[in-house]
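Each chain gets a letter, A, B and so on, in the order the sequences are listed, and its residues count up from 1.
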Amino acid sequence: MQILVVDDDPLAGEMIAAVLEEEGHQPVLASSAIEGMEKLNEEEAIGLVISDMNMPLVNGIDFFRELREQGNQLPFILLTGDDPQKASEQEAGLDACIMKDFSLDESLPGVLNQVLGNSSRSS
Amino acid sequence: MALDISKFILRFVDEAREHLQQLSEGIAILENGQADAEQINVLFRAAHTLKGSSRMLKLTAITETAHALEDLLSALRDGQLPLESFSRFSLLYQGLDTLTSLVEQLAEHRDPAQLPDKDADLCEALTLAAQGQELPTAPPQEAATASRLPEISEQPQQTSSPDASLKASESVRIKLSSLDELIKLMGEVVSSHSQMRALVGDSRQLLRQASDADAAFTGQLDLFNRRLREGVQVQESLMQELHDKAMQLRMLPLATIFDSAGRLVREMARSLGKEVECRVLGSEIELDRQMIDQLADPVIHLLRNALDHGLETVEERLKAGKPAQGKVSLSAWQDGSWVVIEVCDDGRGISLEAVSEKALRKELMTSEQLEALNEQEIIDLIFLPGFSTSQMITEMSGRGVGMDVVKSSVVDQLQGTLNVRSRPGEGSCFTLKLPLSLALMRVLLVEVAGQPLGFTAQYVSELVKVEASRLLEVADRKAIILRNEFVPVVYLSDLIDLPVGSRSRQSSQLLLLVTQVRNEKLALVVDELLDERDLVIKQLPEHLRRQPLISGMVTRGHNELVSLLHVPQLLERSRRSRRETSRLADAEQAAKHLLVVDDSLNTREIEKDVLEAYGYRVTLAENGQEGLEKARQENFDAVLTDVEMPIMDGFTLTARLRQEEAYKNCPIIIITSREKESDRRRGIEVGADAYIVKGSFDQGSLVETLKVLLD
């Protein structure tokens with residue numbers, strides 16, 4: 001599956017991409033929400049969005065809300081360097097919200113499968 | 001762990017350095033009170049990104065430290081801490097320095113497991129500061145320093161290996177050796193081009209000789225000649241440009257040294273228990289890489305010196321009515337084809353007494369020699385080999401090297417100059433002046449006794465043509481007056497023992513190459529100026545390096561090698577020969593002690609030589625104020641003074657001396673370049689006994705005048 005990865009820190013973006021590739025997915029990288037939006041318009045095959053929370057101009061939650069407003073219903077996983085609990089409380093519509101840390105290579109695949117399972121069941 | 005993080009470590013180090021750089025610049029702006037909300041946000045983002053990516057790599061100490069720093073920055077950004085009243089910059093810097101040290105350790109070991117634990121005190125202090133509180137028990141700086149110091153002393157690598165991180169998209173990495181080969185080749189091409197220039201001259205010569213051949217042939221030759229010349233000129237400018245561009249490839253910004261300097265200064269200040277604000281200016285100025293490498297040690301030494309010897313302790317500063325926090329600045333700017341680097345502090349200044357006393361104790365000078373020196377000359381003693389003002393060898397400055405090593409590396413290796421200014425109680429300023437590049441320098445080529453010789457332009461102050469009759473005879477030597485200053489004149493051929501050229505001695509016009517090292521001048525008689533241009537300087541071969549008189553070689557057309565003379569060595573030679581000749585006085589007058597006041601070093605020296613040659617004892621002063629002070633300390637038999645001087649002029653000095661009981665009737669002679677009658681009258685009005693105009697200076701009349709007045 002093609003997965004959009006949005007992170008303003010290119011290093012973090014590539015590490016997330018590495019985890020996704022390990023799982024057999026094809027990551028599409030964007031360094032901002034705006035670039036992410038462009039990528040979504042270009043690549044119709046993208047089936048999921050993973051975005052960093054804290055980014056300049058448009059943050060992860062605003063990006064999520066913008067997508068939903070535009071009618072985009074792709075599953076959305078928010079990564080954050082701060083407390084994930086707080087972000088979930090801020091936006092209940094998020095499919096998942098996880099801490100961006102060194103255990104990402106274990107936590108992310110699990111959450112990914114869970115989210116994909118949920119969305120296939122609901123659709 | 002499924003993900004191989006090792007390949008991300010180096011990427012992280014590269015990016016972290018950029019973020020730290022941003023933080024370092026940003027905090028400085030913040031400290032200067034010039035930061036707006038957006039700039040603080042940039043700082044916050046840098047800390048935040050460091051936190052995020054380090055966490056993914058399990059670099060816990062970096063994550064936690066960046067997190068704590070982020071807390072404080074976000075409180076500032078969101079206005080929870082009012083920016084106007086914020087003053088915990090040292091804490092911000094400490095956070096920055098700790099992060100930098102951690103990142104550099106990671107760069108070295110490339111193993112997250114080898115990183116030390118976070119500095120808990122520092123993190124707590126930062127977090128508390130974000131809430132507007134201080135660490136309750138110990139002051140946070142000291143607590144944090146104590147726990148960090150051992151780790152720093154084990155890791156001194158941060159000062160010695162400045163690394164320019166290249167941005168991948170805009171730059172290519174090239175092996176330095178290949179670049180050097182390219183530059184060397186370029187130098188050869190430039191050198192060989194001068195042969196082409198010589199060919200143009202040859203061809204013109206041919207044309208002249210062929211003038212009696214048939215007109216059609218000379219016409220063609222003339223055309224060929226002109227095209228050749230044009231071609232060579234076009235090629236020359238293209239080559240110059242190509243060479244400049246190639247040289248630029250070797251240029252690095254001073255930031256490679258300067259960026260680590262701020263941190264170094266803060267770390268040193270902390271370990272010395274001093275408070276300091278370090279300002280760094282001009283790190284964007286670029287210098288040849290070769291010079292950057294050799295410059296790091298002298299600059300670090302000067303900074304150490306400023307902190308260790310220059311700045312006082314907090315108590316001393318407060319006692320002297322100065323702010324507790326000292327200032328050290330490191331600045332650079334470009335001045336023509338030179339780069340000037342200054343290290344200044346607002347500390348105690350260089351103590352003349354301490355320097356004099358030390359020079360005596362180390363037997364670098366005799367007390368008579370010392371007495372003859374002015375303030376600047378005494379300060380300059382710190383550059384003598386074997387001199388070091390520190391009472392004991394401290395960890396900081398006293399690593400067995402002194403200012404003499406700094407000076408020799410600046411003068412000998414970098415072809416630059418090093419000066420110091422200092423005012424007691426106000427601070428010191430060391431000024432380095434360096435050529436932009438060592439490989440290519442402005443050179444004047446002159447001819448002496450049929451021999452071409454070169455001078456690098458930094459030592460040449462002017463070139464003048466004068467009538468031979470304008471030379472003065474003073475104390476068995478020749479001198480010329482250039483703008484109110486006596487400048488000794490020597491024939492270059494005599495100075496370097498070349499067989500005497502017949503031409504220069506006979507001609508009525510003399511060509512003088514006036515050389516200057518710091519404030520000392522020496523005019524050299526040369527036969528002809530051959531050329532002035534930027535030339536590639538070639539190093540001397542190994543077996544000739546110990547030859548002090550020649551600093552390098554250049555090639556001229558037809559592959560002719562020309563030696564470059566090392567001007568400081570020439571001055572030294574000239575001084576030595578002066579000492580030999582000027583000690584033939586009869587002791588008859590020895591009782592008479594004269595005070596000579598003039599702001600020009602050369603004039604003072606020459607007047608001194610003349611007077612000593614006639615047996616007087618001479619004390620020197622640099623300006624009216626200094627003259628007045630010396631006159632009050634000691635009774636002189638006569639005073640000789642210049643008029644135009646900084647601080648106090650000669651008229652004022654004369655008038656003031658006349659008010660002193662001891663000098664009511666003492667002979668005072670004014671020696672000046674002012675020829676106007678009104679000046680002469682003013683001199684007599686303020687009480688001078690004689691008024692001698694330098695233009696008509698004749699040592700005989702000075703000595704006669706003195707004799708008459710002293711009898």
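- Scanning all heavy atoms of the two residues, the minimum distance from A:Met15 to B:Met56 falls at CE-O, 3.6 Å.
- Counting only distance, with no hydrogens or angles, the side chain of B:Arg55 and the backbone of A:Met99 share no donor-acceptor pair below 3.5 Å.
- Around CD of A:Glu44, the count of heavy atoms belonging to other residues, nucleotides or ligands within 6.0 Å does not exceed 12.
- Closest approach of A:Asn54 to B:His48, counting heavy atoms only: CB-NE2, 3.1 Å.
- Residue B:Leu57 holds its CG atom at 6.0 Å from CG of A:Leu11, rounded to the nearest 0.5 Å.
- Ion pairing between a basic and an acidic side chain is recognised when a charged N comes within 4.0 Å of a carboxylate O; A:Asp101 and B:Lys58 show no such pairing.
- Under 3.5 Å, the side chains of B:Ser53 and A:Asp9 contain a donor-acceptor pair of N or O atoms.
- In this structure, chain B has no heavy atom under 4.5 Å from any part of A:Asp7.
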